[in-house]
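Input: a single structure, listed below in structure tokens.
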Amino acid sequence: MSSSQSRPVSIVKDSHRAMEEGPEPWQSPNQPSWNTARFVLRIISFITALLLFGLSISGFAAPSGFSSFPVMGTPLSVAAFLYDIAEFIVMCVRRRKSGIRPAVSLGFELIISMGGIALSALMIMFTVDSWQWRMYYSGVPSSELPIPEYVSNGHVWFGISVTASALATFLSLIHFVLFVRDCVEVDRQRKAMDKFYKERTSTRAAPAQEPVHNVPAPSYETVELDTYDDMTKSDLI
């Protein structure tokens with residue numbers, strides 16, 4: 001590989017190294033405040049995922065009419081819990097509150113937030129549907145009811161379903177906020193990298209020129225024309 005072909009690769013490596021070492025040029029002036037806010041949101045997400053996981057696991061003991069929130073809340077809580085654990089590990093290794101790089105965490109936050117919003121919508125829909133069957137919660141059987149069996153502790157399970165739906169929605173919104181912020185940081189980093197690449201390219205492309213000082217003036221030597229004059233005289237004679 002020629003030196004001209006290897007220059008873009010080296011410039012990209014230099015740009016990544018410049019982004020990693022020292023103060024990062026793409027960061028906004030309020031970046032430390034945002035890092036603290038993101039750390040707080042990560043802790044809240046971790047606690048919310050634990051609560052949602054506990055309610056979802058307990059929901060598997062609920063009657064068949066309330067089987068929606070444990071099935072949908074468990075994968076959401078586990079995904080958010082494992083990702084928050086990964087963020088905390090990276091924070092401890094890097095000894096900073098930024099955690100995983102925004103370019104990497106962007107995809108994870110998108111999956112958790114969008115998937116969580118979809119699962120939360122389904123949980124709310126099934127919770128509203130279970131409320132419409134609240135006539136079964138009293139335990140008064142009736143031959144006119146489409147489902148003859150009695151739902152034990154219906155109001156308790158309905159309250160748990162409402163709480164799980166609220167926690168799932170809140171957890172999804174937290175990760176959506178983190179996703180939007182990652183988009184902003186990735187855009188700023190991309191613009192800073194493009195600027196850095198153009199500066200380095202223009203610097204390396206310009207040839208090194210030494211200042212011109214004390215250059216002697218060009219000397220002109222006279223040419224003897226004696227031979228030419230003799231030949232001219234002979235031709236005239």
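Between the side chain of Thr169 and the backbone N or O of Ser165, at least one donor-acceptor pair lies under 3.5 Å.
Distance check, rounded to the nearest 0.5 Å: CG of Asn35 to CZ of Arg42 gives 11.5 Å. Atom-to-atom distance recorded for Ile43:CD1 and Thr48:OG1 is 11.5 Å, nearest 0.5 angstrom. The distance from atom CG of Leu119 to atom CE of Met114, rounded to the nearest 0.5 Å, is 12.0 Å. The distance from the CG atom of Leu167 to the CG atom of Leu76 is 10.0 Å, given to the nearest 0.5 Å. Thr74 OG1 to Leu55 CG: the interatomic distance, rounded to the nearest 0.5 Å, is 10.0 Å. Atom CZ of Phe108 and atom CG of Leu178 lie 14.0 Å apart (nearest 0.5 Å).
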(message) Applying side chain to side chain contact (heavy atoms under 4.5 Å, CB included) to Asp182 and Phe179, what does each step give before you reach the verdict?
(response) CA-CA 5 Å; Asp182 284 343; Phe179 163 71; 5.6 Å; no
(message) One pair to check against side chain to side chain contact (heavy atoms under 4.5 Å, CB included): Leu52 and Phe170. What are the steps and the verdict?
(response) CA-CA 10 Å; Leu52 179 60; Phe170 181 64; over 6 Å; no
(request) Give the intermediate values and the outcome of side chain to side chain contact (heavy atoms under 4.5 Å, CB included) for residues Ile112 and Ser172. (result) CA-CA 7 Å; Ile112 295 176; Ser172 303; over 6 Å; no
(request) Quick one: do Met123 and Ser68 satisfy side chain to side chain contact (heavy atoms under 4.5 Å, CB included)? Show the steps, please. (result) CA-CA 6 Å; Met123 292 172 64; Ser68 59; 5.8 Å; no
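For the pair Ala164 and Phe69, the tightest heavy-atom approach, listed with the atom from each and the gap, is CB-CD1, 3.8 Å.
Leu171 is connected to Ile47 through a chain of hydrophobic side-chain contacts under 4.5 Å among Ile, Leu, Val, Met, Phe, Trp and Tyr, so both are in one cluster. Note: the hydrophobic cluster containing Met72 also contains Trp131 (ILVMFWY, side chain heavy atoms under 4.5 Å, direct or indirect links). Trp34 and Val90 are members of different hydrophobic clusters when ILVMFWY side chains are connected at heavy-atom separations under 4.5 Å. Two different hydrophobic clusters hold Ile174 and Ile85 under the rule that ILVMFWY side chains link at heavy-atom gaps under 4.5 Å. No single ILVMFWY cluster, assembled from side-chain heavy atoms under 4.5 Å apart, contains both Leu106 and Ile111.
Remark: aromatic rings of Phe81 and Phe46 are close, center separation under 6.0 Å.
Shown here is Phe88, whose CZ atom has more than 12 heavy atoms of other residues, nucleotides or ligands within 6.0 Å.
Salt-bridge annotation for Arg38 and Glu185: present, with a side-chain N of the basic residue lying under 4.0 Å from a carboxylate O of the acidic one. The pair Glu87-Arg101 does not meet the salt-bridge criterion, since no charged nitrogen lies less than 4.0 angstrom from a carboxylate oxygen.
Side-chain contact between Tyr83 and Glu109: present, with at least one pair of heavy atoms (C-beta onward) separated by less than 4.5 Å. Side-chain atoms of Arg181 and Val186, non-hydrogen and from C-beta on, never get closer than 4.5 Å to each other. When side chains are defined from C-beta on, Phe158 counts as touching Phe66, because their heavy atoms get closer than 4.5 Å.
No hydrogens or angles considered: nothing links the side chains of Ser77 and Ser56 as a donor-acceptor pair under 3.5 Å.
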